[in-house]
Student: 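Take a look at the following structure, please.
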Amino acid sequence: MEHDVPVRGLEKRRTRRCLVLSVVAVLILIIIVAVVLGLTLTRGSNKLKPVFLDRCQKFKDSNCEEIWDAFQQAYVNRDPCQVPMERYDPLIAVASFKPSCNRMMFWSKTKDVVHDFTEKRDCFVTLEDTLLGSVLNGLTWCGKQGSSETLTTGCPGWTDCDNNPVRSFWNRISARFADVACGDVTAMLNGSIITPFSPTSIFASIEVKRLNSTRVRNLNVVLVTQENAVTNCTNGSLKNLQKELDEGIKYNCKEVSESQLKDCSSHPEKPCGACW
Ligand SMILES: *[C@@H]1O[C@H](CO)[C@@H](O)[C@H](O)[C@H]1NC(C)=O
Ligand SMILES: *[C@@H]1O[C@H](CO)[C@@H](O)[C@H](O)[C@H]1NC(C)=O
Ligand SMILES: *[C@@H]1O[C@H](CO)[C@@H](O)[C@H](O)[C@H]1NC(C)=O
Ligand SMILES: *[C@H]1O[C@@H](CO)[C@H](O)[C@@H](O)[C@@H]1NC(C)=O
């Protein structure tokens with residue numbers, strides 16, 4: 001019995017040590033889970049920056065970190081439906097935008113055809129070939145109030161509200177693209193829809209209004225037709241386009257079939273401009 005007391009004391013100490021160890025183990029586990037979860041969440045909310053910088057660095061001499069800072073200032077810590085296009089003015093100021101006179105290509109409802117064409121023929125420059133346009137092409141982003149994060153999911157869609165970060169960005173840089181347009185300007189419009197010059201398009205609502213006759217000489221419309229072409233250059237919406245042009249800019253319109261464009265893309269040795 002004399003031994004009983006120290007033995008029981010030992011057992012009690014062992015049980016206590018066991019309890020302490022399990023508590024420590026559980027704590028460590030919780031910490032690991034929290035850290036892993038935290039890392040994934042942070043990475044999830046900051047997916048845009050690496051893509052942004054990676055695409056930006058393909059342009060020589062660009063100050064990509066500075067451009068990123070100016071970019072995210074536009075929408076970070078703001079309601080994602082309260083980002084008007086002027087929020088991107090500081091971004092426009094830091095990202096240089098060299099105009100390529102006579103090579104600027106506007107488009108509306110011909111996205112795939114126009115980019116397939118400009119990719120194969122190095123004659124024209126679209127907005128999506130410029131630094132900001134190519135860096136953000138196809139991406140979605142927004143911020144939220146009370147946070148400095150950039151989110152890439154759960155953001156408002158193009159038509160959910162007018163002043164959403166993505167739409168305002170494209171409106172702002174489209175305005176800039178048109179502001180610097182010069183010489184002969186081309187626009188590829190869609191001949192398979194009833195209204196090739198649609199008042200709600202960025203081309204009609206923003207770009208055309210900003211073409212300035214002090215810099216732009218001609219607007220050449222290429223109306224892309226398919227087998228099922230429903231309209232032609234005599235269409236009333238194109239008459240409206242002509243009326244909206246700054247006085248002094250000459251206008252012309254040409255119907256060009258999609259197959260003719262494809263054919264031209266596959267002969268890059270033909271001189272630019274010989275496609276229509
Ligand atoms: C014109 O618009 C129609 C309908 O949206 C589309 O199917 C077609 O591919 C467009 N044409 C061109 C040349 O992009
Ligand atoms: C064209 O530029 C001139 C001079 O900068 C300006 O006064 C005029 O308002 C501009 N026109 C349009 C249509 O933007
Ligand atoms: C253009 O389309 C109109 C109908 O939308 C048609 O009357 C006219 O003949 C067409 N013009 C040409 C040159 O194909
Ligand atoms: C093209 O012009 C517009 C605006 O005048 C009309 O509303 C369209 O109906 C027209 N398109 C065709 C195919 O006639």
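When a ligand or atom number is given, it counts from 1 through the structure's own listing order. Computation of the quantities below employed the complete heavy-atom set of this structure, encompassing side-chain atoms and omitting hydrogens, waters and symmetry-equivalent molecules.
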Student: Centroid-to-centroid, Trp276 to Phe124, below 6.0 Å?
Tutor: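 Yes, close enough.
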Student: How many angstroms lie between atom NZ of Lys209 and atom CG of Asp179, to the nearest 0.5 angstrom?
Tutor: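 With rounding to 0.5 Å, NZ (Lys209) is 13.5 Å from CG (Asp179).
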Student: With a cut-off of 4.0 Å, which atoms of ligand 1 are near a heavy atom of Gln226?
Tutor: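 That gives atoms 8 (C), 9 (O), 11 (N) of ligand 1.
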Student: So is Thr231 in contact with ligand 3, going by heavy-atom distances below 4.0 Å?
Tutor: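 Judged by the 4.0 Å heavy-atom criterion, Thr231 does not count as contacting ligand 3.
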Student: Under a 4.0 angstrom heavy-atom cut-off, which atoms of ligand 1 come close to Lys109?
Tutor: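 Here the atoms of ligand 1 in question are 1 (C), 10 (C), 14 (O).
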Student: Establish whether atom 14 (O) of ligand 2 and some protein heavy atom are separated by less than 4.0 angstrom.
Tutor: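 True for atom 14 (O) of ligand 2.
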Student: With a 4.5 Å limit on heavy-atom distance, are the side chains of Val135 and Phe71 in contact?
Tutor: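 They are not in side-chain contact.
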Student: Within a distance under 4.0 Å of any heavy atom of Asp246, pick out the atoms of ligand 2 and give their elements.
Tutor: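 Those atoms are 11 (N), 13 (C).
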Student: Are any of the side-chain heavy atoms of Asn164 and Pro80 separated by less than 4.5 Å?
Tutor: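 SC-SC contact between Asn164 and Pro80 ruled out.
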Student: What's the shortest distance from atom 5 (O) of ligand 2 to any protein heavy atom, and which residue and atom give it?
Tutor: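 Answer, as residue, atom name and distance: Asn212 ND2, 4.6 Å.
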Student: Indicate yes or no: does an N/O atom of Lys111 lie under 3.5 Å from an N/O atom of ligand 1?
Tutor: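 No - when backbone and side-chain N and O of Lys111 are compared with those of ligand 1, no distance drops under 3.5 Å.
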Student: Any carboxylate oxygen within less than 4.0 angstrom of a Lys/Arg side-chain nitrogen, looking at Glu65 and Lys49?
Tutor: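 Judged by the 4.0 Å cut-off on N to carboxylate O distance, Glu65 and Lys49 do form a salt bridge.
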Student: Shared ILVMFWY cluster between Ile249 and Met104, side chains joined below 4.5 angstrom?
Tutor: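 In one cluster with Ile249: Met104, yes.
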Student: Please could you name the atoms of ligand 1 that Val224 approaches to less than 4.0 Å, counting only its heavy atoms?
Tutor: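 Answer for ligand 1: 13 (C).
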Student: Would you please test Asp129 and Thr126 for side-chain hydrogen bond (donor to acceptor under 3.5 Å, both in side chains) and show each step?
Tutor: CA-CA 5 Å; Asp129 298 314; Thr126 64; 2.9 Å; yes
Student: Determine whether the aromatic ring centres of residues Phe169 and Trp158 are separated by less than 6.0 angstrom.
Tutor: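 Ring centroids of Trp158 and Phe169 are no less than 6.0 Å from each other.
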Student: If we count only non-hydrogen protein atoms and require a distance under 4.0 Å, does atom 11 (N) of ligand 1 qualify as touching the protein?
Tutor: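 Within 4.0 Å of atom 11 (N) of ligand 1, protein heavy atoms are found.
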Student: Please list, in number order, the atoms of ligand 1 under 4.0 Å from a heavy atom of Asn190.
Tutor: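 Matching atoms, with element in brackets: 1 (C), 2 (O), 3 (C), 8 (C), 10 (C), 11 (N), 12 (C), 14 (O).
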Student: Looking at non-hydrogen atoms alone, which of Val230, Ile194, Asn232 comes nearest to atom 2 (O) of ligand 3?
Tutor: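 It is Asn232 whose heavy atom sits nearest to atom 2 (O) of ligand 3.
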Student: Compare Ile193, Thr110, Leu189 and give the one whose heavy atom is closest to atom 4 (C) of ligand 1.
Tutor: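 Heavy atom nearest to atom 4 (C) of ligand 1 belongs to Ile193.
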